[in-house]
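Have a look at the structure below before the remarks.
Numbering of residues begins at 1 and proceeds along the displayed sequence. Bear in mind the structure is a predicted one, so any value in this text is a computation, not a measurement. Every heavy atom of this structure was used, including side-chain atoms; hydrogens, water molecules and symmetry mates were not.
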Amino acid sequence: MQQLSIAESDQPKDAPMSTPRKVCTVNSASLVTKNYDGSEILAARKKEFMMMVDDYMEYGVHGILDLAVPEDEGAKSAARALANSISALVESLCTEEDSRPASNKAESSRGRRRGGKNPKACKSSNANSASTRSASIISEWVLKQQQQQPLLPSAKGKSAKKKPTGDITALISSIVEFKQWTIDGNEQTEESALYRPISQFFSFVASCIKLSRNTQRTLPKRLIVPFAKSDRKFEDGDDRSRVDIVLNLAEVDKYQVGTSIKLPETTNNQSPKLIDTFALIEVKTSQDSIDNAMPQLFRYSRGIYEEQYNRRFVWGLAVSGRLAKIVFFGPNYALASPVIDLGQTEGRKQLVHLLVNWSFCESHQLGYDPTIIHHREPGYYEIKVEHDGQTKTYYSEGAVIGAERLFGRHTRCFAASEERPVRGGRKHRPDRFIKDAWPEATEDADADYRDESRHLRKVTERLAMAKAKGPDDEIDLDGMYPRYDSGGRVRIKRLDANGECQAVEDTGKSILSSRISDELDRRHTDKMAALRSAEDESTDDNTTQSREIAKFPLRVHKRICMIGIGRPLKYIRNCLELICVLADVMECHNAIYKHCNILHRDMSTNNILFTGSGSGIKGMLIDFDHAICNDDVDSMRNFERSGTLPYMSITNLERGNADYSLLDEWESLIYIMCWTGSYDWRARRLVKEQKLANPERKIPTRQVKHRSASRQRTAIRLNGYCTTRPDKPTKRVSNWCQDDIFKCADQKRADLDTHKSFNVITNDFDKNIPYIKGLIHVVHELRKTLIDDPKEAKQRGALPNDSELDKDDWGFDWDDVFKQPAEVDPFKERAKVADVIAKKLLQVMRVAREKARELLIRDEQKAAASDM
């Protein structure tokens, strides 16, 4: 199926799969490789998420809890009244034991001593007395809520004498523990001691909402209930992490008062599922800082994005003792509320209001996408795509690719059709491909020159017009690019201040309130001023400073439906097919540039697909998310980097004063060939080789049944499989994935500069790949045409060269001693004649494709003859 790349990724999805994981350190002498075992991998992940917290977290943001306030005025007033009532109930329960006069407590104590009761009997008597008083308080509260009127004194007395009903009895058991948590939660030294009282507090609030429901006012839409088991692994997770507390959504009618979410009795695995998770709670003891819970909360929340294809943002809670913070995970930011002290009345009131608001608010305020509806029972997704003011509906059985990152574009891809799947009917046959993502964009849609739907619509129309005019020197491009069907920016229906329904563009800014946006803008302005002031003093770390300055770019929710489905490169069988596919892709890109004046700017293995097989194989170029049009002169300046790190051109990495040109795309093609040649893209064969070498070691079934290939690689790594030969050193191309992008660019310059230096790269190619010599020959021809063949000397090579100093007629000039020769960048010089060199490069690929197809036809004929 179609597989799209995420441009923010620092390493391609088909990177070498190795366990123990290999981390490369490059120095001037040699390449050193260090092997990690499983525990060090987990430690490295923890460090990664700690760095992520530093980069994306904003602490002490006011107004986060207000994001859950219902938009409908009726629901808002009902939620406010109910939350105030439940808060008053909680306070009366938390203080009722200590509200008795001291004389009554002393008299009870003397009576117990006179009666000669043993300590256990006294303790039991106190518990029964507390339960009776709590039952009386709850009974009065429930009766008052259901009747919607004040109770008469006689009614109060009668209700206190009534025997508690089953629902009220279920609540009483949870009161003592969550009361104890709010009183001495900071004294707990073990996290597990806090799991049950925290869960019971959430269950208690959910039960109160259930008991107070009345048909005469606005009803809650759902309940927020904890999962029955704490400190559990996710059933559909791919790592060993154990989540402290999981919050799920429960239907009001089906919820049993005083309980948690339980699995059916027929289910043996008592573990929560990410696909059913609403939010996570990470618990720490009072000895730990509450901020220490953030890295784990970041790590666990990432899985929610990956499994829930209709999730726009995620809520979370961090608890330390009786202190709590509410965390809001947006597309490219994480916001933490000020500390909430649950030992204080105001803190408990804030948490109760949040839980009640979650129960009454719209689904999009919880983070769900109302334009992607998951029908669980039939098992399909209903996806709505806007097109020219109208809405089209498509159906899919699931996502081909899920969002694998906590922040970023959150790209999800669906194979869909206009036909609704029917259980027991004929097999669902998708004929369209839907891409849902959050790319960086401008708030003004007209100024968004990188809009993929706009580019694809232009490509579809222009190439159709070119085909209608008649054939030229180009081949048939049908199936080499996805044709635009519908799509654009996603709009969410929301209620404005006047109660009118409006379709609002779904962006990282529109999700937040104006109060939060203003506060973030103010903080961002202060950080920019501080960083610029630091730059004036020292410019040693420009890369980090630039990244921090552009910390929270605007991301816009976009969805596009395309016609055309292909398979990823990892299913290609040999180098001959790979050459044909890459030649088709560059043929397609050349036609798009010729007729549409558009550059792709993200050539990578993830953005190249294929259809067919053998001599009938055909390549397909996808993902125009970073494409730019030459018609917009301003957009051509190289102000930003785009692409996937190992395949990014040198000009793109250095972000210099050279314009992005066609030659950058061809340079990326050379890197793609080098990467696929160095690391065999056929991961399945490598895994089978390891199984043959270690037949006694098996991968657990649960960890290999995941949908995405990257999750399979994670499972393989964690279970000790090494999918590269252990005696094979790290390849030279791994230097193209360094953290320092300028070192990556310098390394690529050195590797491309001469035939000898480039031969070091091709010597690392995997000789076990069928027809690998053909790939080596083609990539050398491309490098020679790009680097060595240009006519002028200043256009040859990859390293900057010195220009000769002008001399006068007298010959030597003493002033030349003080002059420094100017450096000439050959990449910048070649960009001036990019069209001429690109034609020669295209001819190289055309010849290679013709030869490769001849060999494929010959192999097919031999196979057919042997079968006869």
**OP:** For Phe610, enumerate each residue passing the ring-ring contact (aromatic ring centres under 6.0 Å, His included) test, keeping only those at least two apart in sequence or located in another chain.
**Re:** none

Original post:
Can you list the residues that meet the side chain to side chain donor-acceptor pair (under 3.5 Å) rule with Lys458, with sequence neighbours excluded?
Top reply: Asp631

Subject >> Test salt bridge (charged side-chain N to carboxylate O under 4.0 Å, His left out) applied to Arg80 - qualifying residues, sequence neighbours left out >> reply: none

Subject >> Asp506: side chain to side chain donor-acceptor pair (under 3.5 Å) partners, not counting sequence neighbours >> reply: Arg312, His557

Original post:
With sequence neighbours excluded, what pairs up with Leu554 under the side chain to side chain contact (heavy atoms under 4.5 Å, CB included) test?
Top reply: Glu443, Thr507, Lys509, Val556

**OP:** Would you please name every residue forming a side chain to side chain donor-acceptor pair (under 3.5 Å) with Ser301, sequence neighbours left out?
**Re:** none

**OP:** Apply the test ring-ring contact (aromatic ring centres under 6.0 Å, His included) to residues Phe313 and Phe328: give CA-CA distance (whole Å), side-chain angles for both, the deciding distance (0.1 Å), then the verdict.
**Re:** CA-CA 8 Å; Phe313 57 84; Phe328 182 92; 4.6 Å; yes

**OP:** Please identify each residue that fulfils ring-ring contact (aromatic ring centres under 6.0 Å, His included) with Tyr395, with sequence neighbours left out.
**Re:** Tyr380

Subject >> Residues forming a ring-ring contact (aromatic ring centres under 6.0 Å, His included) with His600, sequence neighbours excluded >> reply: Phe624

**OP:** With sequence neighbours excluded, tell me which residues meet ring-ring contact (aromatic ring centres under 6.0 Å, His included) with Tyr305.
**Re:** His410

Original post:
So Phe329 and Phe298, would you call those rings parallel, tilted or perpendicular, with 30° and 60° as cut-offs?
Top reply: perpendicular

Original post:
With sequence neighbours excluded, what pairs up with Thr460 under the side chain to side chain donor-acceptor pair (under 3.5 Å) test?
Top reply: none

Original post:
side chain to side chain contact (heavy atoms under 4.5 Å, CB included) with Asp431: which residues, sequence neighbours excluded?
Top reply: Ser417

Which atom pairs, donor and acceptor, lie under 3.5 Å between side-chain atoms of residues 383-391 and protein residues at least two apart or in another chain?
| from | atom 1 | to | atom 2 | distance (Å) |
| --- | --- | --- | --- | --- |
| Lys384 | NZ | Glu382 | OE2 | 3.2 |
| His387 | ND1 | Tyr484 | OH | 3.4 |
| Asp388 | OD1 | Arg457 | NH2 | 3.3 |

